[in-house]
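Encoded as structure tokens, the structure appears first; notes follow it.
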Amino acid sequence: MSGRSETGPASGDRAPEGSPAPSRRPGDASVAPARAGACEKAASEGADTAGVAVGSDASGAVAIGPGLRPAEELAARIGQATPVPGGPDMARTIPLESGPELSAGDGGKVTDGQWPYPGPEAAGLKAALDLSGTVPEARPSPAAGHPGRAADADPQGTGRPAVREEAGVPFASRRTTAAGGAAPDGCDGGSGREGAILVESMASTSLEVRAALQRFCARAAGLGLSADACMALEIVLAEALNNIVEHSYREHPSGWIVAEAECVGGWVVCRLTDGGDAMPGGTPPSAGPDPADRAAGLPEGGFGWQMIRDLAHHVNYAREGEVNRLLFSLPVGSGPVTARKGDR
Amino acid sequence: MELKAETQGDVLKVAVLADRIDAASAIQFKDRMRELTEDAPARVLLDMGAVDFIDSSGLGAIVSVMKTLDAGSRLELAALSPKVVKVFRLTRMDGVFTIHQTVEAAASGASAA
């Protein structure tokens with residue numbers, strides 16, 4: 001288990017001069033816009049580059065687009081600490097490979113918190129995170145007010161990972177290189193496209209969550225999920241994201257949230273990251289409305305975690321410094337997901 | 001959140017003209033429904049045909065509306081999308097509401113059950 005690694009002082013209270021990523025220093029912000037256009041144009045090639053850099057694509061035919069880092073630099077950077085979204089006022093870092101302890105398993109019998117596969121830190125997701133660092137964040141910086149707010153002094157998003165608007169690009173490229181053919185466009189594949197990635201970032205408002213969710217789920221069809229899995233993904237993501245808005249950020253609109261999903265070993269693995277308050281007690285709620293509410297009549301709340309627990313597997317929450325990370329997975333295959341978990 | 005209400009006999013039909021009842025719209029939905037269902041007749045039929053997605057906030061809002069109806073009224077639901085049905089099933093709320101396959105079926109008095 002690689003724990004959280006600090007590249008700056010333990011206090012984490014420094015501007016990103018202490019960051020190990022030279023290209024993300026504030027001084028580079030002025031060149032970022034010029035690079036952005038090139039990045040967008042070259043994004044699909046960039047995805048290939050990233051795949052090669054982490055050894056997940058054996059073709060070796062690397063096309064490095066203008067504005068992208070050379071593959072060697074990508075490779076060197078992968079595994080290094082990545083600045084946490086939030087910018088200079090919270091210049092902390094999390095290593096990409098941190099997260100729940102991973103172990104090889106039988107792929108079937110798993111319990112919460114155990115991952116039967118290399119998990120979302122697999123090569124593809126790492127590459128997506130790293131690649132995304134070359135694309136500046138376009139969202140205007142919201143006002144100060146919450147410790148997890150977006151960086152006011154850092155509009156180029158020098159410290160924000162995975163803020164790529166074209167979330168489907170790496171996958172679109174990947175499926176023609178790694179998967180060797182066109183992926184199904186509909187939501188009925190049920191096979192899952194290994195290494196396919198989706199990334200969305202959003203501010204902590206219910207409207208932003210709605211928009212991001214709609215974009216995310218529209219693209220989820222391209223992951224080759226079954227219709228059931230798409231449905232479950234949308235339900236679980238909606239609940240988890242709205243919980244972050246409501247509880248982690250307490251409805252404060254200037255927080256940031258990043259949602260990532262990757263197909264790994266027959267599962268779609270999701271990771272939600274935010275800079276809000278920690279979950280009370282350090283663990284996700286077990287399930288369902290309060291029994292007292294039930295006794296007093298029909299409950300009007302508490303359904304969210306009930307649905308997450310019913311649908312999602314491997315639910316794992318971690319507080320990393322001042323960042324929350326919620327991981328969970330859903331089977332990509334067809335069949336009634338509820339039945340699969342119902343006998344638990 | 002746009003709702004269209006019309007009364008036919010002892011049935012108040014309310015059609016939801018939005019594709020989502022979610023955290024962003026639940027409070028608006030609840031407030032609007034409360035206005036519309038003041039002095040409601042015996043049956044209030046919520047036409048969900050346009051609603052593609054509902055989350056726990058939206059579900060909570062519907063439960064809340066039902067609980068605030070006058071004693072002589074009851075809330076029924078019609079034309080639920082597969083995603084909406086799934087949310088009702090997962091939360092066991094499908095056993096709490098009378099759910100009709102279609103608005104027409106509801107009008108004829110037949111329930112989905």
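Note that this is a predicted model, so its numbers are computed, not measured.
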B:Asp55 side chain near A:Met307 side chain, heavy-atom distance below 4.5 Å: no
Grab the two heavy atoms, one from B:Thr91 and one from A:Gln306, that are nearest each other, plus how far apart they are. CA-NE2, 3.8 Å
For A:Arg319, does the CZ atom sit with more than 12 other heavy atoms under 6.0 Å from it, leaving out its own atoms? yes
Looking at side-chain heavy atoms only, is the closest gap between A:Ile235 and B:Phe53 below 4.5 Å? yes
Do other residues, nucleotides or ligands put more than 12 heavy atoms under 6.0 Å from the CD1 atom of B:Ile27? no
Check whether B:Asp22 gets within reach of chain A through its side chain, its backbone, both or neither, counting any heavy atom under 4.5 Å. side chain
Are the side chain of A:Glu239 and the backbone of B:Ser56 linked by a donor-acceptor contact shorter than 3.5 Å? yes
For B:Ala24 versus A:Ser206, what's the shortest heavy-atom pair and its separation? CA-OG, 3.3 Å
Working to the nearest 0.5 angstrom, can you tell me the gap between A:Cys217 SG and B:Lys83 NZ? 6.5 Å
Which is it for B:Val65 and A:Glu300 under the side chain to side chain contact (heavy atoms under 4.5 Å, CB included) test, yes or no, and what are the steps along the way? CA-CA 10 Å; B:Val65 167; A:Glu300 293 174 33; over 6 Å; no
Take a 6.0 Å sphere around CD of B:Glu2 and say whether it holds more than 12 heavy atoms from other residues, nucleotides or ligands. no
Engaged part of B:Val96 at the chain A interface, taking heavy atoms whose separation is under 4.5 Å: side chain
Please tell me if the side chains of A:Asp228 and B:Lys86 come closer than 4.5 Å, counting only heavy atoms from C-beta onward. yes
Can you confirm whether B:Asp19 sits close enough to A:Gln214 that some side-chain heavy atom of one is under 4.5 Å from a side-chain heavy atom of the other? yes
